[in-house]
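Written below as structure tokens is the structure these notes are about.
Since we're looking at a predicted model, the values are computed, not measured. Chain letters run A, B, ... following the sequence lines, proteins first, then strands; residues in each count from 1.
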Amino acid sequence: MSTFHLYNSYTRQKEQFESITPGYAGLYVCGPTVSGESHLGHARPYITFDVVQRYLKHLGYRVRYVRNITDAGHFEEEGREAIDKVGEKAKLEKLEPMEMVHKYTSLFHYGMRLFNCEEPAIEPTATGHIIEQITMIQTIIEKGYAYEVNGSVYFDVPKYAANYPYGKLSGRILEDQLETTRELDGQDEKRNKADFALWKSAPPEHIQRWNSPWGEGFPGWHIECSAMSSKYLGETFDIHGGGMDLQFPHHESEIAQSTIAHGHPPVRYWMHNNMITINGKKMGKSYNNVIKLSELFSGNHPILEQAYHPMVVRFYILQTHYRSTLDFGNEALQGSERAFRRLWEAYELLQKLPSGDHAQAADATLDKQVNDWISEFADFMNDDLNTAKVLANMFELAPVINGIKGGQIASNALSADTMNLLKSSFKTYLVDVLGMQPLQAEQSGKLESVLSLLIEIRKDAKKRKDFATSDQIRNQLAAAGISLKDEKDGTVSFSIE
RNA sequence: GGUCGGAUGGCCGAGUGGCUAGGCACAGCUCUGCAAAAGCUGCUACAGCGGUUCGAAUCCGCUUUCGACCUCCA
């Protein structure tokens, strides 16, 4: 596709992306609830939407990327006992809510940096926008779509559904919702079962509480995203992203609230990434199969056979289309690690190859094939962010690069223009758009000089046919995690794990 | 129970009405003092049963089966 198309969850079809303000793109992504440590499941949306905002930038948009931090409690609807999740956990851990929130926010940021996710332009917190949320709730009350009971405020869903397409995003019908009745306590407050809280009166034991026109309480879960997204991106903005599990009720409620408060729907394009599963089951606290990011990176978890580098995880995630479920497995991750190493080596090799000065390609067929593969990078990204296909083409190109280096392909097979295009495109898509980084950090130079000494000694030994010595050097370095490779041209390269 | 989405080769996965995606693993070969890497070659699958079609893994129906959402959740 020649222009950027993305799958809009709201219309259930691929649509051409057109921003509201030409040249600018607004992106809002539901951020983490920082009442616990980030886990593997968090990696998927934030890596996915990092690529979205990187690609929008690549296309020339000035992007305002907003991702919130939920640091106020979420709580049950449906009349269950209103428990502030943040407050509750805080008691268990004997922490101040803000102390706990700060701790997990920092850990989240740490994980995002390791994944090489660029920082959002704005990262608003729910607790920092209580006023905005109260104001929005007041507007909804004034418009007649919310009511107060005992210090709590609820959104009138049936009234909304009578006038607006409630349930369109998540594909459900209000009547069905009403039928899935379960008898729960404390439901009397709400007029209708499907109503959701905009503001909840805080019981005495509740730690987080704010003054409001309805007494002391705390905001409902859905209102924060509506208040903050409209504040920073406008009443209607381009893209709203998040995990599929947020479609209902969270995003459906956002649409309802914003539509009433502002008079029009809030979002042009809804994007939802699919879930990560472990042995076919969604990862979640209730399944007891959560792998925290720190465990993933250290390998310290019963499911894990080894530690996995953040870049391997990122690569693994991008090898799958974001709307497919992604099943986690050691074998798959280990495969990704090898594959990524190979791809990255080819990339680095490519940048060192001379482009030559021959205007004509000696192998016109290969030259055209390479150009086709390159031009497909954009086509695939434009087709709803098909990162899997982009990577597949890179793996088509890797043997070409390695072949030129290894001599199986003539150095003048590709024209100088093609070589230059290959170099720049590979960098653009692998590094800038997909956001990949090398597995190993830059070396300090001291280690390199030591290694070059050992390599020289080994070269001498090989000249003397003293293979015992040369093999000893290579084997002991290998044991230390440094592998040597004798290249065809007589040089020796090394890589450090 | 309601709604929705899947079932692809040893594993992970893309995708399409007809033209072997890709990766990992595996086997052979080339290169090499030996390794490693790299290159070449091989491995050709789409849950089952019907139907539509010149042709279906791709469309339709049924069956089996897995999952997601309906409740905090990325």
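Each of A/Arg12 and A/His321 was matched to the nucleotide of RNA chain B holding its nearest heavy atom; the match closer to the 5' end belongs to A/Arg12. Nucleotides of RNA chain B nearest to A/Thr277 and A/Lys465 differ in position, and the one nearer the 5' end is that of A/Lys465.
Remark: the A/Asp486 side chain and the B/C34 base include a donor-acceptor N/O pair separated by less than 3.5 Å. Judged by distance alone with a 3.5 Å cut-off, no donor-acceptor contact links the side chain of A/Asn274 to the base of B/G5. Remark: the A/Arg474 side chain and the B/A35 base include a donor-acceptor N/O pair separated by less than 3.5 Å.
One can place CD1 of A/Ile291 at 15 Å from C1' of B/A74, the figure rounded to the nearest angstrom. One interatomic measurement links the two molecules: CZ of A/Phe340 to C1' of B/C24, which rounds to 16 Å at whole-angstrom precision. Going from atom CG of A/Asn68 over to atom C1' of B/A74 covers 12 Å, rounded to whole Å. Computed from coordinates, the A/Glu331 CD to B/G13 P distance equals 11 Å when rounded to whole Å. Rounded to an integer number of Å, the gap from CG of A/Asp245 to P of B/G67 is 17 Å. Distance, A/Leu246 CG to B/C72 P: 11 Å, rounded to whole Å. Between the CG atom of A/Leu391 and the P atom of B/C12 there is a distance of 19 Å, rounded to whole Å. Rounded to whole Å, the distance from CD on A/Glu337 to C1' on B/C12 is 15 Å.
Between A/Val153 and A/Lys200 the shortest side-chain heavy-atom distance does not fall below 4.5 Å. Counting heavy atoms from C-beta on, the side chains of A/Ile291 and A/His39 never come closer than 4.5 Å. The side-chain heavy atoms of A/Ile404 and A/Met419, taken from C-beta on, include a pair separated by under 4.5 Å.
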Using a cut-off of under 3.5 Å, enumerate the N/O to N/O pairs linking the protein to nucleotides 16-21 of chain B.
none

Can you name the atoms? Protein N/O to nucleotides 39-44 of chain B N/O, anything below 3.5 Å, with the distance.
residue	atom	partner	partner atom	Å
B/G39	OP1	A/Asn402	ND2	3.2
B/G39	O4'	A/Gln408	NE2	3.1

Using atom names, set out every protein N or O paired with an N or O of nucleotides 26-28 of chain B below 3.5 Å, distance rounded to 0.1 Å.
none

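Nucleic acid contact for A/Leu333: none, since no nucleic acid atom lies under 4.0 Å from a heavy atom of the residue. Residue A/Ser483 is out of contact with every strand shown, counting any heavy-atom pair closer than 4.0 Å. Using a 4.0 Å heavy-atom criterion, one finds that A/Asn475 contacts no nucleic acid atom at all. Contact annotation for A/Gly41: base contact, defined as any heavy-atom pair under 4.0 Å involving a base atom. A/His272 comes within contact range of no nucleotide atom at all, as no heavy-atom separation falls under 4.0 Å. In this structure, A/Phe395 reaches the sugar-phosphate backbone alone: every heavy-atom distance under 4.0 Å involves primed, P, OP1 or OP2 atoms, never a base. Within 4.0 Å (heavy atoms only), A/Leu343 reaches no atom of the nucleic acid at all. When heavy atoms are screened at a 4.0 angstrom cut-off, A/Met283 is found touching base atoms of the nucleic acid.
Applying the ring-ring contact (aromatic ring centres under 6.0 Å, His included) test to A/Trp344 and every residue at least two apart in sequence or in another chain returns A/Phe340, A/Tyr347. Annotation: ring-ring contact (aromatic ring centres under 6.0 Å, His included) contacts of A/Tyr46 (sequence neighbours excluded): A/Phe108. Applying the side-chain contact (heavy atoms from CB on, under 4.5 Å) test to A/Ile457 and every residue at least two apart in sequence or in another chain returns A/Leu453, A/Ile473. Applying the ring-ring contact (aromatic ring centres under 6.0 Å, His included) rule to A/His321 yields no partners; only residues at least two apart in sequence or on another chain are considered. For A/Tyr110, there are no ring-ring contact (aromatic ring centres under 6.0 Å, His included) partners, not counting sequence neighbours.
A parallel orientation is assigned to the rings of A/Trp270 and A/His240, their planes being inclined by less than 30° (bins at 30° and 60°).
Nucleotides B/A38 and B/U44, compared at atom C1', are 25 Å apart to the nearest Å. Separation of the P atoms belonging to B/G1 and B/C59 is 27 Å when rounded to the nearest angstrom.
Put simply, CG on A/Leu6 and CD1 on A/Ile239 are 5.5 Å apart, with the number rounded to the nearest 0.5 Å. A distance of 10.0 Å separates CG in A/Asn371 from CD in A/Gln369, rounded to the nearest 0.5 Å.
Within the 4.0 Å cut-off from OP1 or OP2 of B/A14, at least one side-chain nitrogen or oxygen of A/Ser324 is found. Regarding contacts with the backbone of B/A14, every side-chain N or O of A/Asn386 stays at 4.0 angstrom or more from both OP1 and OP2. For B/C70, the OP1/OP2 oxygens have no side-chain nitrogen or oxygen of A/Ser170 closer than 4.0 Å.
Residue pairs satisfying the salt bridge (charged side-chain N to carboxylate O under 4.0 Å, His left out) criterion with at least one member in residues 305-321 of chain A, sequence neighbours excluded, are listed as follows: A/Asp50-A/Arg314.
Checking side-chain atoms of A/Asp71 against main-chain N and O of A/Thr127 turns up a donor-acceptor pair under 3.5 Å. Side chain of A/Glu295 to backbone of A/His301: no donor-acceptor contact under 3.5 angstrom is found. A/Glu396 contributes no side-chain N or O that, together with a main-chain N or O of A/Trp373, makes up a donor-acceptor pair within less than 3.5 Å.
RNA chain B lies under 4.0 Å from at least one heavy atom of each of the following residues of residues 46-53 of chain A: A/Tyr46. Applying a 4.0 Å cut-off to non-hydrogen atoms, none of the residues of residues 305-315 of chain A approaches RNA chain B.
By the 4.0 Å N-to-carboxylate-O rule, A/Asp195 lies too far from A/Arg191 to be salt-bridged with it. Residues A/Lys14 and A/Asp383 are paired through a salt bridge, judged by an N-O separation under 4.0 Å between the basic side chain and the carboxylate. A salt bridge does not link A/Glu118 with A/Arg113: every distance from a Lys NZ or Arg NE/NH1/NH2 to an Asp or Glu carboxylate oxygen is 4.0 Å or more.
The side chain of A/Lys282 lies closest to B/A68, out of B/A36, B/G13, B/A68. You'll find that the side chain of A/His42 is closest to B/A74, out of B/G33, B/C70, B/A74. The side chain of A/Thr33 lies closest to B/A74, out of B/G33, B/A74, B/C69.
Within the 6.0 Å centre-distance limit, the rings of A/Phe297 and A/Phe115 are counted as a close aromatic pair.
Remark: of the listed residues A/Leu391, A/Val390, A/Thr387, A/Val390 is the sole one forming a side-chain contact (heavy atoms from CB on, under 4.5 Å) with A/Phe380.
Remark: A/Arg323 is positioned above the aromatic ring of A/Tyr7, its terminal NZ or CZ atom under 6.0 angstrom from the ring centre and at most 45 degrees off the axis.
Listed by first residue number, the stems of RNA chain B with at least three Watson-Crick or G-U pairs below 3.5 Å are B:1-7 with B:64-70, B:10-12 with B:22-24, B:26-30 with B:38-42, B:47-51 with B:59-63.
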